[in-house]
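Here's the structure, in structure tokens; my notes come after.
So you know, we letter chains A, B, ... as the sequences are listed, proteins then strands, and number each from 1. Note that the structure is a prediction, hence the values are computed from the model and not measured.
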Protein chains: 2
Amino acid sequence: MLKKTRYVILGLLREEKMTGYEIKKCIDQRMRFFWQESFGQIYPELLTLMREELIREAFPKSKEGNKRESTRYEITESGLAVLKHWMETENEKDTVRSEALLKFFLATDENKEEMKQHLVEFHRQGKEKLLLFELFKEELNRDIDKHNNHKYILEVLALGIKEQELYCSWSKHFMEKLTLEGGEE
Amino acid sequence: MLKKTRYVILGLLREEKMTGYEIKKCIDQRMRFFWQESFGQIYPELLTLMREELIREAFPKSKEGNKRESTRYEITESGLAVLKHWMETENEKDTVRSEALLKFFLATDENKEEMKQHLVEFHRQGKEKLLLFELFKEELNRDIDKHNNHKYILEVLALGIKEQELYCSWSKHFMEKLTLEGGEE
DNA sequence: CTTATCATGTAATCGGTTACATGATTAC
DNA sequence: GTAATCATGTAACCGATTACATGATAAG
């Protein structure tokens, strides 16, 4: 899969001026159930995008030469064009790697007790993500129509929430099944 | 994430003697909603595992020197130990990349028509995977208890099916919503 | 005063895909 | 006979993480 780092950055900057650090935080907190990027990808890509003039520095309107270090970026016209073009291209195949599901798939009764532990952790992580998503959803619902992409975000978020609910109920059910069979066989 | 290629191979070989090609096919057809590996990972790893004596060649019992080229592997005692140890270790964080969801998340009404196209494709892929999973499920149900890991596989498969059903119904609903709003705004 | 978070960037390394190369066997 | 699939392996390249390095600011 060709790297998509630039499009994530451009897509986020279309809605709001951000620093590299904020971009990373946003991806981690709000998009991690379908995407991730690391600092080692984001910062070099920001420099490349600057050179290609797809983004530019967003200087604060008033107090120009103040002490703040962080540089905030905004998207340019060419940046918007590149973003739009990508939006129209076909999608590459998803890449997924879940070590937990891999283990569940390959397990036998010999590994039953460990799988129960993994299920507990799997369930906990689902609950944790659900909490985070619900918070984000409330935040979005508070100022809906602020940006016209909020309804798209809300739809993806709704999917993420349903997905995590599925993971939680599945792991709970699986756990009960393994427990009812008896501790060791 | 450290590479897990060896554990997938060992896990599959615990249940059945397989060739590298068959391992790849199995991962592609049955595990692709939570895992993937390429030939470029599998074949070199098979050689490494041979050197480490975690797997060995499984020669056919009868007709020894026949013309077949493909080498079938089986797991050794040390291989089983390594597999068991991995089963007990903590899981690393999942890695996921879905270009479709990324686009939906970053879209605005400017991209509405393209998103509708992507939704059609998203839905089609969901249906396709569902079909594949249902086939596999029937196959497993036919000879349940052949291996004692079938019940674990069936549980993961049940999750995969529910997940794809969710993706299908979500994309259908989202599609209808975008269509009812009117073609262009 | 010290810990946590904000903030940026580079380099080494590892993980993973893709292309290349080759050839056998099976199905039509 | 020829196309598809089976089958194996290597090498080049790209993608991505991690560690390293540095320093500012905010909170307790």
Side-chain angles (χ1 to χ4, degrees), chain A residues 1-9 12-13 17-29 31-32 34-51 55 57-60 63 65-73 86 91-99 102, chain B residues 1-9 12-13 17-29 31-32 34-51 55 57-60 63 65-73 86 91-99 102:
Chain A
M1 198 189 227
L2 293 163
K3 75 174 160 183
K4 303 286 149 63
T5 313
R6 53 173 47 209
Y7 306 113
V8 192
I9 294 174
L12 289 174
L13 290 182
K17 291 160 189 160
M18 293 169 109
T19 67
Y21 193 87
E22 286 167 347
I23 288 168
K24 174 71 162 84
K25 211 177 64 181
C26 182
I27 296 168
D28 282 352
Q29 289 180 354
M31 302 162 76
R32 69 162 142 150
F34 63 88
W35 206 264
Q36 58 264 148
E37 298 284 346
S38 62
F39 282 125
Q41 291 165 279
I42 291 169
Y43 283 115
E45 192 64 33
L46 280 169
L47 299 179
T48 310
L49 289 169
M50 279 293 281
R51 278 199 300 274
I55 59 172
E57 254 185 82
F59 296 103
K63 42 188 176 166
N66 59 358
K67 49 247 145 195
R68 61 135 63 219
E69 300 294 321
S70 63
T71 53
R72 206 160 234 92
Y73 299 96
W86 168 70
N91 297 325
E92 290 186 68
K93 250 186 246 143
D94 296 356
T95 56
V96 192
R97 272 189 180 82
S98 165
E99 197 178 356
L102 180 61
Chain B
M1 198 189 227
L2 293 162
K3 75 173 162 183
K4 303 286 151 61
T5 313
R6 54 174 44 209
Y7 306 113
V8 191
I9 295 173
L12 289 174
L13 289 182
K17 291 161 190 159
M18 291 170 108
T19 68
Y21 193 86
E22 286 166 347
I23 288 167
K24 174 70 163 84
K25 211 176 63 181
C26 181
I27 296 169
D28 282 352
Q29 289 180 354
M31 301 161 79
R32 67 162 144 151
F34 63 87
W35 206 264
Q36 58 265 146
E37 298 285 347
S38 61
F39 283 125
Q41 291 164 280
I42 292 168
Y43 283 116
E45 191 63 35
L46 281 169
L47 299 178
T48 310
L49 290 169
M50 279 292 283
R51 278 199 300 274
I55 59 172
E57 254 186 83
F59 296 102
K63 40 185 177 165
N66 57 0
K67 50 243 145 196
R68 63 136 62 222
E69 299 296 320
S70 63
T71 52
R72 207 162 233 93
Y73 298 96
W86 168 71
N91 297 325
E92 289 185 70
K93 251 186 249 143
D94 295 358
T95 58
V96 192
R97 272 189 178 83
S98 165
E99 197 179 355
L102 180 61

Taking atom [atom2] of [N] as reference, at what distance in whole Å does atom [atom1] of [X] sit?
{"X": "Asp94(A)", "N": "dG16(C)", "atom1": "CG", "atom2": "C1'", "value": "16 Å"}
{"X": "Glu45(B)", "N": "dT10(D)", "atom1": "CD", "atom2": "C1'", "value": "15 Å"}
{"X": "Glu92(B)", "N": "dG15(C)", "atom1": "CD", "atom2": "P", "value": "10 Å"}
{"X": "Lys4(B)", "N": "dT17(D)", "atom1": "NZ", "atom2": "P", "value": "13 Å"}
{"X": "Lys24(A)", "N": "dT5(C)", "atom1": "NZ", "atom2": "P", "value": "14 Å"}
{"X": "Ile42(A)", "N": "dT17(D)", "atom1": "CD1", "atom2": "C1'", "value": "12 Å"}
{"X": "Ile27(A)", "N": "dT17(D)", "atom1": "CD1", "atom2": "P", "value": "10 Å"}

What I'd like to find out is whether the side chain of [X] reaches to under 4.5 Å of the side chain of [Y], using heavy atoms alone.
{"X": "Lys4(B)", "Y": "Glu92(B)", "answer": "yes"}
{"X": "Val8(A)", "Y": "Ile23(A)", "answer": "no"}
{"X": "Met50(B)", "Y": "Tyr73(B)", "answer": "yes"}

Check the phosphate of dG15(C) against Gln41(B), side-chain N and O only, distance under 4.0 Å to OP1 or OP2. Yes or no?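 No, outside the criterion.
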Check whether any side-chain nitrogen or oxygen of Arg97(B) sits under 4.0 Å from OP1 or OP2 of dA16(D), and answer yes or no.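 Yes.
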Supply the atom-to-atom distance [X] [atom1] to [Y] [atom2], rounded to the nearest 0.5 angstrom.
{"X": "Ile55(B)", "Y": "Thr71(B)", "atom1": "CD1", "atom2": "OG1", "value": "8.5 Å"}
{"X": "Met18(B)", "Y": "Leu13(B)", "atom1": "CE", "atom2": "CG", "value": "7.5 Å"}
{"X": "Tyr43(B)", "Y": "Ile9(B)", "atom1": "OH", "atom2": "CD1", "value": "10.5 Å"}

Between Glu45(B) (side chain only) and Ile42(B) (backbone N and O only), is there a donor and an acceptor less than 3.5 Å apart?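 Absent.
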Under the 3.5 angstrom rule, does the side chain of Gln36(A) hit a backbone N or O of Arg97(B) as a donor-acceptor pair?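 A pair under 3.5 Å: no.
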Relative orientation of the end axes in the helix from dC1(C)-dG28(D) to dC28(C)-dG1(D), expressed as an angle to the nearest 10° (five pairs per end):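 Answer rounded to 10°: the end axes differ by 40°.
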Quickly, which of Lys24(A), Arg32(A), Lys25(A) forms a salt bridge (Lys or Arg N to Asp or Glu O under 4.0 Å) with Asp28(A)? Name it, please.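 When salt bridge (Lys or Arg N to Asp or Glu O under 4.0 Å) is applied between Asp28(A) and each of Lys24(A), Arg32(A), Lys25(A), only Lys24(A) qualifies.
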Comparing Lys25(B) and Gln36(A) on DNA chain D - which has the more 5′ nearest nucleotide: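 It is Lys25(B), whose closest nucleotide lies nearer the 5' terminus.
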I need a per-nucleotide contact map over nucleotides 8-14 of chain C, read 5' to 3'. Cutoff is protein heavy atoms under 4.0 Å; write B for the base, S for backbone only, - otherwise. BBB----
